[in-house]
Amino acid sequence: MKKMKFEDHFREKDIPKAKNEFSCMADLAMLINSNAQSGNFDKALERGEDLIKSLERFVHLNERKQADDSYQALIDDLVKRGIKAETVRMHFEEKAI
């Protein structure tokens with residue numbers, strides 16, 4: 001099985017959070033299985049709901065990286081066209097306020 005390269009999917013500052021969510025998802029998957037095997041279907045369902053919440057947080061962290069990558073690609077493209085990166089960043093920061 002291929003090991004995930006977290007730096008390809010998450011911002012550097014989000015990697016610890018992403019690794020934590022990843023670990024939680026693995027634990028929850030095992031708990032779903034063990035609860036279902038034991039006939040504790042309500043508990044398995046609760047862990048399934050927890051798994052979905054954790055996966056949603058994981059996806060959100062990934063979306064932040066994708067947005068940053070898109071923003072950086074736009075800046076790189078504009079710089080290639082002769083626009084200073086500082087000008088682009090200043091414009092986007094003004095829009096964010």
**Message:** Are Met4 and His9 packed together at the side-chain level, in the sense that at least one heavy-atom pair is separated by less than 4.5 angstrom?
**Reply:** yes
**Message:** Rounded at 0.5 Å granularity, tell me how far OG in Ser54 sits from CG in Asn20.
**Reply:** 7.5 Å
**Item:** With sequence neighbours excluded, residues passing side chain to side chain contact (heavy atoms under 4.5 Å, CB included) with Lys3
**Value:** none
**Asked** How many angstroms lie between NZ in Lys80 and CD1 in Ile75, if you round to the nearest 0.5 Å?
**Response** 13.0 Å
**Request:** Determine whether more than 12 heavy atoms belonging to other residues, nucleotides or ligands lie under 6.0 Å from atom CZ of Phe22.
**Result:** no
**Asked** Excluding sequence neighbours, so at least two apart, what forms salt bridge (Lys or Arg N to Asp or Glu O under 4.0 Å) with Asp76?
**Response** none
**Message:** Taking side chain to side chain contact (heavy atoms under 4.5 Å, CB included) as the definition, give me every residue that meets it alongside Glu46, ordered by chain and number, with sequence neighbours left out.
**Reply:** Lys43
**Asked** Can you tell me if Ser34 uses its side chain to pair, donor with acceptor, with the backbone of Leu31 under 3.5 Å?
**Response** yes
**Complete:** Distance col, row Arg57:CZ vs His60:NE2, nearest 0.5 angstrom, shows 11.0 Å
**Request:** Working to the nearest 0.5 Å, report the span between CG of Leu55 and CG of Asn62.
**Result:** 10.5 Å
**Prompt:** Among all residues two or more places apart in sequence or in another chain, which pass the salt bridge (Lys or Arg N to Asp or Glu O under 4.0 Å) test with Asp27?
**Reply:** none
**Complete:** Across all chains, not counting sequence neighbours, the salt bridge (Lys or Arg N to Asp or Glu O under 4.0 Å) partners of Arg11 are Asp14, Asp68
**Asked** side chain to side chain contact (heavy atoms under 4.5 Å, CB included) with Ile52: which residues, sequence neighbours excluded?
**Response** Glu56
**Message:** Once ring pair (Phe, Tyr, Trp, His ring centres under 6.0 Å) is applied, what residue pairs with a partner in residues 30-55 remain, sequence neighbours excluded?
**Reply:** none
**Item:** Residue list, side chain to side chain donor-acceptor pair (under 3.5 Å) with Asn40, at least two apart or on another chain
**Value:** none
**Request:** Would you kindly check if the NZ (Lys) or CZ (Arg) of Lys17 is within the cone defined by 45 degrees around the ring axis of Phe10 and under 6.0 Å from the six-membered ring centre?
**Result:** no
**Message:** My understanding is that only residues two or more places apart in sequence, or in another chain, count here; which of them pass side chain to side chain contact (heavy atoms under 4.5 Å, CB included) with Leu51?
**Reply:** Met25, Leu28, Ile32
**Prompt:** Atom NZ in Lys19, atom SG in Cys24: separation rounded to 0.5 Å?
**Reply:** 14.5 Å
**Over 12 foreign heavy atoms within 6.0 Å of CG, Asp42** = no
